[in-house]
**Q** 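Questions regarding the structure given below will be posed in turn.
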Amino acid sequence: MKSDFKKYQAQTSPHPLAMEVSHANGSYIYDTNNKAYLDFVAGVSACPLGHNHPKVIEAIKKQLDRYLHVMVYGEYIQKPAVELTKLLAKHLPKSLEKTYLTNSGTEAIEGALKLAKRATGRSEIIATNKAYHGNTMGAMSVMGFEVRKQAFRPLLPDVKFINFNNEADLNKITTKTASVILETIQGGAGFIEPNPNYLEKVRARCTQVGALLILDEIQPGIGRTGKLFGFENYNCVPDILVTGKGLGGGMPIGAFTASGKLMDLLQDNPKLGHITTFGGHPVIAASALATLKEITESNLIADTLKKEKLFRELLVHPLIKEVRGKGLMLAFLTPSAEITNALILKSEKLGLILFWLLFEPKAVRITPPLTISNDEIKEGCQIILGVLDEIQQSTTSK
């Protein structure tokens with residue numbers, strides 16, 4: 001199967017990990033030799049309830065028996081999508097009341113950027129250096145990492161960049177600005193949290209000049225930071241909220257949410273201002289609804305902070321220079337990219353799945369399912385520390 005994988009399925013890098021997956025359950029993925037791998041990545045934050053959660057699987061199976069795709073988005077009333085968007089509104093500030101469902105986070109970013117331009121009549125978009133919002137042309141245009149973009153130019157015009165957490169740069173937000181787009185916590189850059197009051201000041205500047213604030217919660221959202229949404233930690237409510245990844249419970253989804261007044265602009269002038277065939281797919285919406293119910297009706301959100309504390313207590317080693325992030329959106333930095341690469345690859349051989357971040361080569365991603373147990377956290381951290389001991393000894397012996 002590995003040769004067919006490389007021959008017929010397009011790859012994203014020259015050296016994929018290429019584990020042959022048999023099945024997955026809870027916090028573990030199993031290969032075709034039935035070897036178990038403890039998952040500290042959760043599909044890059046996309047499986048908050050772990051693998052094959054019974055309530056998610058039940059919701060999917062029930063919907064499979066009713067109907068699959070029946071009509072392009074927004075024309076027919078389909079219960080899973082209506083209930084999902086209603087539940088999102090219940091848990092969001094009143095100004096974030098209407099949601100447009102898409103197939104992925106990057107598609108939701110595209111919709112959010114379009115909505116900001118439509119609402120303001122302006123073209124300028126301000127994003128941050130080392131930001132990642134997706135890989136379609138619009139989302140790539142607001143990615144603050146030129147090496148990843150240069151081969152695909154020209155991209156969207158009128159995009160400018162500021163530095164995350166740099167308050168002096170906020171003066172670059174002006175009456176020409178349609179929107180400012182930020183990750184609530186910068187992901188690819190290394191899980192960088194906003195400084196105290198930074199997001200509040202961005203919010204105030206946007207309000208002052210009439211620009212819309214878009215917050216990208218594709219990674220921080222859905223309970224990962226000790227709140228349902230990351231922005232709740234920082235006293236800042238966006239005009240447009242973008243979610244994805246964990247919302248689907250392992251199924252592909254994206255969403256952007258705004259006020260009814262803003263969202264209704266996509267209905268007219270022009271009509272069909274934003275359209276999709278499969279957005280709000282009933283099976284995916286059913287999975288997302290079950291996921292959101294479980295996360296909001298259980299102790300999982302509060303427990304993320306307790307589990308963060310356990311990770312920070314355990315991840316102490318001379319080769320761990322810093323632990324960043326909040327809740328179960330964590331990353332630790334080693335002294336070099338070489339050490340990080342060795343740690344990730346050796347840990348996999350020992351049955352622990354770790355992963356990289358996009359723009360910080362020294363970082364190791366720790367984004368396990370929210371359902372991970374304390375014993376599983378201890379098991380995984382023991383593997384990490386053992387591999388780091390081995391790396392340290394081999395470096396010292398040289």
Side-chain angles (χ1 to χ4, degrees), residues 12 44-46 72-74 81 84-85 88 96 98-128 131-145 148-149 151-161 177-184 186-188 206 211-222 229 238-248 251-259 262-281 284-285 288 358:
T12 57
V44 187
S45 305
V72 295
Y73 183 80
L84 172 60
T85 53
L88 278 169
L96 296 170
K98 187 171 282 192
T99 296
Y100 195 118
L101 298 171
T102 65
N103 302 284
S104 66
T106 191
E107 289 181 52
I109 292 290
E110 299 285 339
L113 294 174
K114 286 172 64 178
L115 179 57
K117 288 187 173 186
R118 171 67 179 82
T120 62
R122 305 172 184 176
S123 62
E124 181 181 87
I125 300 168
I126 291 182
T128 55
Y132 180 77
H133 300 286
N135 237 44
T136 47
M137 297 299 276
M140 185 179 289
S141 299
V142 293
M143 176 167 61
F145 201 76
R148 297 287 178 93
K149 303 195 307 186
F152 307 104
R153 288 193 175 278
L155 299 171
L156 285 185
D158 294 340
V159 178
K160 297 181 179 178
F161 289 88
T177 306
S179 65
V180 176
I181 181 167
L182 303 173
E183 298 161 276
T184 307
Q186 281 204 310
C206 287
L212 298 186
L213 175 59
I214 301 170
L215 284 185
D216 177 345
E217 291 262 355
I218 294 169
Q219 286 200 72
I222 319 301
F229 295 98
D239 297 294
I240 306 173
L241 173 70
V242 181
T243 54
K245 286 191 183 294
L247 179 61
M251 296 287 273
I253 198 169
F256 60 106
T257 304
S259 67
L262 279 176
M263 278 302 209
D264 289 349
L265 294 173
L266 295 176
Q267 297 178 11
D268 205 9
N269 281 333
K271 290 182 180 179
L272 307 178
H274 194 67
I275 55 176
T276 172
T277 298
F278 290 114
H281 190 284
I284 294 170
L358 283 174

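What you see is a predicted model; the values in this text were computed from it and never measured.
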**Q** For the backbone of L156 and the side chain of S141, can you confirm whether one donor and one acceptor N or O come within less than 3.5 Å of each other?
**A** yes

**Q** Donor-acceptor pair, distance only, cut-off 3.5 Å: does the side chain of E217 make one with the backbone of T243?
**A** no

**Q** Shortest non-hydrogen contact from T106 to A139?
**A** OG1-CB, 3.3 Å

**Q** Can you find a pair of side-chain heavy atoms, one from L213 and one from I240, that are under 4.5 Å apart?
**A** no

**Q** With the side chain counted from C-beta on, respond yes when I253 and N103 share a heavy-atom pair under 4.5 Å apart, and no when they do not.
**A** no

**Q** Taking L101's backbone N and O only, do any of them form a donor-acceptor pair with Y73's side chain (distance below 3.5 Å, no angle check)?
**A** yes

**Q** Is the shortest side-chain heavy-atom distance between T120 and L212 below 4.5 Å?
**A** yes

**Q** Below 4.5 Å, heavy atoms only, C-beta onward: do Q186 and T128 meet side chain to side chain?
**A** yes

**Q** With rounding to the nearest 0.5 Å, note down the distance linking CZ in F152 to CE in M140.
**A** 5.0 Å

**Q** Any idea which heavy atoms bring E183 and G188 closest together, and the distance?
**A** OE2-N, 4.2 Å

**Q** So F229 and L88, do their side chains get closer than 4.5 Å, heavy atoms only?
**A** yes

**Q** At what distance, to the nearest 0.5 angstrom, does CE of M143 lie from OG1 of T136?
**A** 10.0 Å

**Q** Which residues pass the side-chain contact (heavy atoms from CB on, under 4.5 Å) test with A285, not counting sequence neighbours?
**A** P80, A81, L84

**Q** Got a second to check how far L241's CG is from L96's CG, nearest 0.5 Å?
**A** 6.0 Å

**Q** Evaluate the side-chain proximity of D216 to T184: yes if any heavy-atom separation is below 4.5 Å, no if none is.
**A** no

**Q** Under a 3.5 Å cutoff, is there a donor and acceptor pairing between the side chains of T99 and T257?
**A** yes

**Q** In terms of relative ring orientation, are Y100 and F256 parallel, tilted or perpendicular, with 30° and 60° separating the classes?
**A** parallel

**Q** So, taking the atom named OG in S45 and the one named CG in L247, what distance separates them when rounded to the nearest 0.5 Å?
**A** 13.5 Å

**Q** Can you tell me if S179 uses its side chain to pair, donor with acceptor, with the backbone of I214 under 3.5 Å?
**A** no

**Q** For residues 111-126, which residue pairs pass the salt bridge (charged side-chain N to carboxylate O under 4.0 Å, His left out) check, not counting sequence neighbours?
**A** E124-K160

**Q** Are any of the side-chain heavy atoms of K98 and D264 separated by less than 4.5 Å?
**A** yes

**Q** Report the distance from atom CD1 of I222 to atom NZ of K245, rounding to the nearest 0.5 Å.
**A** 12.5 Å

**Q** What closest approach, in Å, do A108 and V242 show between heavy atoms, and which atom pair accounts for it?
**A** CB-CG1, 3.6 Å

**Q** With no hydrogens and no angle check, is any side-chain donor or acceptor of R148 less than 3.5 Å from a backbone partner on Y132?
**A** no

**Q** Provide the closest heavy-atom pair for S123 versus D158 in the form atom of the first, atom of the second, distance.
**A** OG-OD2, 2.7 Å

**Q** Between atom CG of L155 and atom CE of M137, what is the distance when rounded to the nearest 0.5 Å?
**A** 5.0 Å

**Q** Is there a side-chain contact between L115 and L266 in this structure, where contact means two heavy atoms from C-beta onward sitting under 4.5 Å apart?
**A** yes

**Q** Considering all heavy atoms of both residues, which atom of G138 and which atom of L113 are nearest to each other, and what is their separation?
**A** O-CD1, 3.9 Å

